[in-house]
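To keep things clear, I will list the structure first and then write my remarks on it.
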Amino acid sequence: MQVLKFGGSSVANAENIEKVVSIIQHKSTEEKVIVVVSALGGMTDLLLECGMLASQGDESYKDKLHVAEARHMETVKALVPITQQSRILSHVKTQCNELEDICNGIFLLKELSAATKDRIVSYGELLSSQILVARLSSIGLDAEWKDARNLITTNNNHTNATVNFAVSNELIAAYFSNTDHGVTVLPGFIAFDENRKTTTLGRGGSDYTAAIIAAAVDAQILEIWTDVSGMMTADPRLVPTAKAIPRISYQEAMELSHFGAKVIYPPTIQPVMKKEIPVWIKNTFAPTDEGTLIESNRSSNGKNIRGISSVNDIVLLSLEGSGMIGIPGFSKRLFEALAQERINVILITQGSSEHSICVGIDHQNAGPAKRAIDTAFSYEIETGKVEPLSIEAGLSIIALVGDNMKNHTGISGKMFGALGRNGVNVRAIAQGSSERNISTVISKNDVKKAINVLHEEFFETSYKQLHLFVTGVGNVGSKLLAQIKQQQTYLQEHLRLQIKVVSIANSKKMYFNDEGVDLSNWKEQLQQGEQMNTQQFVETIQSKNLRNAVFADVTANSEIAHSYDSLLQRSISIVACNKIACSSPYEYYRKLKDLAKEYNAQFFFETNVGAGLPVIGTLNDLLRSGDQINRIEAVLSGTLNYVFNNYDGSKTFAQVVQDAQDEGYTEPDPRLDLSGTDVMRKIMILAREAGEQLEMEDITNKSFMPPSCMQGSVDDFYAEMGKHETHFASLYNEAKVAGNKLKFVASYNNGKASVGLQQIPPQHDLYHLYGKDNVVLFYTNRYVEQPLVVKGAGAGAEVTASGVFADIIRAGR
Ligand code: ADP
Ligand code: ASP
Ligand code: MG
């Protein structure tokens, strides 16, 4: 014999029921089949809502009842030929009338007991099972209907009754040994108590009905047909990359379901495990998919972790006090108080100091638990030996489950490392001595992020997803988006990294899309965004609470640079092209570095110096390997280099500057380049990275610009430069006569930094520098006479974007 159970979505409507029928048809040619069904998908909730509304005196329960009736009627009409409809239609009608009478009664009494709830919801399963039988019979199958209530007996704990197995097993075995029908269809979820009053087995209980019957008849197999292709490595609604688990042990399946894998109702495993009946989870909508086989011979899949699940709406009770230390019996009294209130304990932790006991329970039980425990310990609370019970709400539990965990070290290290890097605060931890489960209590808001982080960490077949926020989509930013778009497949294949741009913004608009901005038409999407507001932008990013989050700042905006601290505090990594943060007063620079460390985030700004050239990275590698930076000589302004390489008197100086701006080499305000301020920022950043506590005021700047050029607007600046052409020409000619070239040089030498225009003779390292190139010479303990040289294009949108991109990848890994 085989037992098949079909869940609510499998029988949600006529179309789905046809799929169920064809599965049954296929099976029933082999041997006798027992079929257990849920109510039509969503029906149990709808019926409960009717009861609630009626009890609150809200007449709209009648409309809801009509919806329920109509759904059943329509289903019958679509499934059963007209000539055979009358019997089943009148059946449905009679039962819907009974249901209405009950609800009218509730409406009059304004009272809804647990027993009445059970009565109401039972119609869901009663109707669905009868409709299925009518359909099976109409196509000529030898199908009978049997009321499961006459076979399963429970106590009277309504809505969550306990099964009396001794009685039920006998009734079930006796019945099935005497029936000759090829297919028997039963309603799941419902039973009778000793007085033949309807009870239910708890939400999701149809799975349990099927397991009870399978065990009682010694079925060969129990098949649970649902809407997913098996038990998955995580809830597929939370983790889109979750995969079906081909095989799993009873114990693992039980742990996963207890910790929230809704695909099987937790008590289901117990009866079939005892009889070693395999359970096969299959997808009604993809019947050829393999599904999951739950059985006792666990076959290791080479993985230590089988799945990850979560339970929401947990509260943490903490009983604390110095009076508890070393005195036996505290925990006994605590658990007795909870047991008396029938409160189920989900998780327990106690520090070895015995100073506190922490217990996780369902949030609905928080009030009764507090009253019961404070009463049980009233004497100790009065005498100050323990504190009144403290309750923390808004929590969830996430659990890693796997039989093999006990044979492996480092799993919890990996788990907490991954959570920590993503700023998920762990409130409590429990590991069962079976080591089949490590549970942690975290904020409910962090659940989605945490489960995805852990899924990435432990199921390496999937890729890691990086969530990227990009602000500034001008010259460099738009190149960056193009590069990301182009490299997406490569990164996914070679680095197992998927970069999802979830927001873009410029000074006018900001646009968010959690599913990922379409990089082929981001401009149009940005147009549809809201008006840009930096504070709101940052707050939205924080509230999204996405894992592996990176904020890329490709602006030159000060307000944005001053929001890095609040982002880092949420473990969001920063990649800055913007130099403002690192060239702010030292205190802010230091703060950002410290926050990044504290919150396990990354703070990268390679493009602050030398655009895409590996200048800061090289400096840091030198320091990390134990070297010391003694002196730096550098040409750090792509703009100034371009200007002095191209200025030979044939064009005016102002014109050459204008060309540099047109090429996109200058800062948005070219005066920052011409004045040497930008070079000062860069040498200061290098000095700071080398360990020096330097401020802008500490840097000497021998500016070559006439002060009058630096006033007013950018237009004034160009006009004023025109008037000083002779000044620029004489600088050029003096150098030319001496056989030298003009370079704007930045130096750092044992704690002191300076910038200024210098004549560079041909034998000097800085002489051969063309176009917009930058060069940095590092003199260190190891590079004493011949410096370590980093040289190449030091400006330009494409190279800068690639530097930002490289930082993003580094931050993501
Ligand atoms: P049915 O109505 O068939 O009993 P349920 O809705 O009770 O189906 O359970 C199936 C659902 O369980 C799936 O649609 C899925 O969203 C959810 N689910 C949660 N965790 C898991 C998991 N680890 N594996 C598979 N499904 C899961
Ligand atoms: N219909 C019931 C519920 O929704 C039982 C089940 O579907 O398993 O909880
Ligand atoms: Mg279910």
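Remember, it's a predicted structure, so these values are computed and weren't measured experimentally. Numbering of ligands and ligand atoms starts at 1, following listing order.
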**Message:** Taking a cutoff of less than 4.0 Å between a non-hydrogen atom of the residue and any ligand atom, is Gly230 in contact with ligand 1?
**Reply:** yes
**Prompt:** Taking non-hydrogen atoms only, is Arg237 closer than 4.0 angstrom to ligand 1 via side chain, backbone, both or neither?
**Reply:** side chain
**Prompt:** Which of the atoms in ligand 1, numbered in the order shown and given with their element, are less than 4.0 Å from a heavy-atom of Met231?
**Reply:** 24 (N)
**Complete:** The residue among Thr209, Ile152, Ile172, Leu151 that forms side-chain contact (heavy atoms from CB on, under 4.5 Å) with Leu186 is Leu151
**Message:** Nearest non-hydrogen contact with atom 3 (O) of ligand 1 belongs to which option: Ile224, Thr226, Val37, Leu256?
**Reply:** Thr226
**Asked** Within less than 4.0 angstrom of ligand 1, does Pro236 place any heavy atom?
**Response** yes
**Asked** Purely on distance, is any nitrogen or oxygen of Ser38 under 3.5 Å from one on ligand 1?
**Response** no
**Message:** For Phe458, does the six-membered ring have the charged nitrogen or CZ of Lys414 within the cation-pi criterion, i.e. under 6.0 angstrom from the centroid and within 45° of the normal?
**Reply:** yes
**Prompt:** If you draw a 6.0 Å radius around CZ in Arg149, do more than 12 non-hydrogen atoms from other residues or ligands fall strictly inside?
**Reply:** yes
**Request:** For Ser38, take its heavy atoms, then give the atoms of ligand 2 lying under 4.0 Å from any of them.
**Result:** 6 (C), 7 (O), 8 (O)
**Whether Gly8 lies under 4.0 Å from ligand 2, heavy atom** = no
**Message:** With nothing but distance in play, are any N or O atoms of Arg203 less than 3.5 Å from an N or O of ligand 2?
**Reply:** yes
**Request:** Return yes when atom CD of Glu194 has more than 12 non-hydrogen atoms of other residues, nucleotides or ligands closer than 6.0 Å, and no otherwise.
**Result:** no
**Prompt:** Does the pair Lys464/Glu457 count as a salt bridge with the N-to-O cut at 4.0 Å?
**Reply:** no
**Asked** With a 4.5 Å heavy-atom cut-off, do Leu99 and Cys50 have their side chains touching?
**Response** no
**Item:** Minimum non-hydrogen distance to atom 2 (O) of ligand 1, winning option of Gly188, Ser257, Gly8, Ala39
**Value:** Gly8
**Prompt:** What's the spacing between Asn437 CG and Gln251 CD if we round to 0.5 Å?
**Reply:** 13.0 Å
**Backbone or side-chain N or O of Thr233 under 3.5 Å from ligand 1 N or O** = no
**Prompt:** What is the closest protein heavy atom to atom 6 (O) of ligand 1, and at what distance does it sit?
**Reply:** Lys262 NZ, 2.9 Å
**Prompt:** Can you find an N or O of Val228 that's nearer than 3.5 Å to an N or O of ligand 1?
**Reply:** no
**Request:** From atom 9 (O) of ligand 1, work out which of Asp235, Val263, Ile281 has a heavy atom at the shortest distance.
**Result:** Val263
**Request:** Evaluate salt bridge (Lys or Arg N to Asp or Glu O under 4.0 Å) for Glu456 paired with Arg547, printing each intermediate quantity in order.
**Result:** CA-CA 10 Å; Glu456 279 170 358; Arg547 70 190 185 282; 3.0 Å; yes
**Asked** For ligand 2, does Glu125 get within less than 4.0 Å through its side chain, its backbone, both, or neither, judged by non-hydrogen atoms?
**Response** side chain
**Message:** Out of Asp227, Val239, Val401, Thr284, who is nearest to atom 10 (C) of ligand 1 when you count heavy atoms only?
**Reply:** Asp227
**Message:** Any heavy-atom pair between the side chains of Thr44 and Leu47 that's under 4.5 Å?
**Reply:** no
**Asked** Do Ile24 and Leu136 have side-chain heavy atoms sitting under 4.5 Å apart?
**Response** yes
**Item:** Between Glu252 and Ser249, a side-chain donor and acceptor under 3.5 Å
**Value:** yes
**Request:** Check Lys5 against ligand 1 and report side chain, backbone, both or neither, counting heavy atoms closer than 4.0 Å.
**Result:** side chain
**Prompt:** Between Gly204 and ligand 2, does any nitrogen or oxygen pair lie at a separation below 3.5 Å?
**Reply:** yes
**Request:** Output yes when the distance from some N or O of ligand 2 to some N or O of Ser206 is under 3.5 Å, and no in every other case.
**Result:** yes
**Request:** Would you verify whether the NZ or CZ of Lys197 falls within 45 degrees of the ring axis of Phe192 while also being under 6.0 Å from that six-membered ring's centre?
**Result:** no
**Item:** Nearest neighbour of atom 23 (N) of ligand 1 from the list Met232, Lys243, Arg203, on a heavy-atom basis
**Value:** Met232
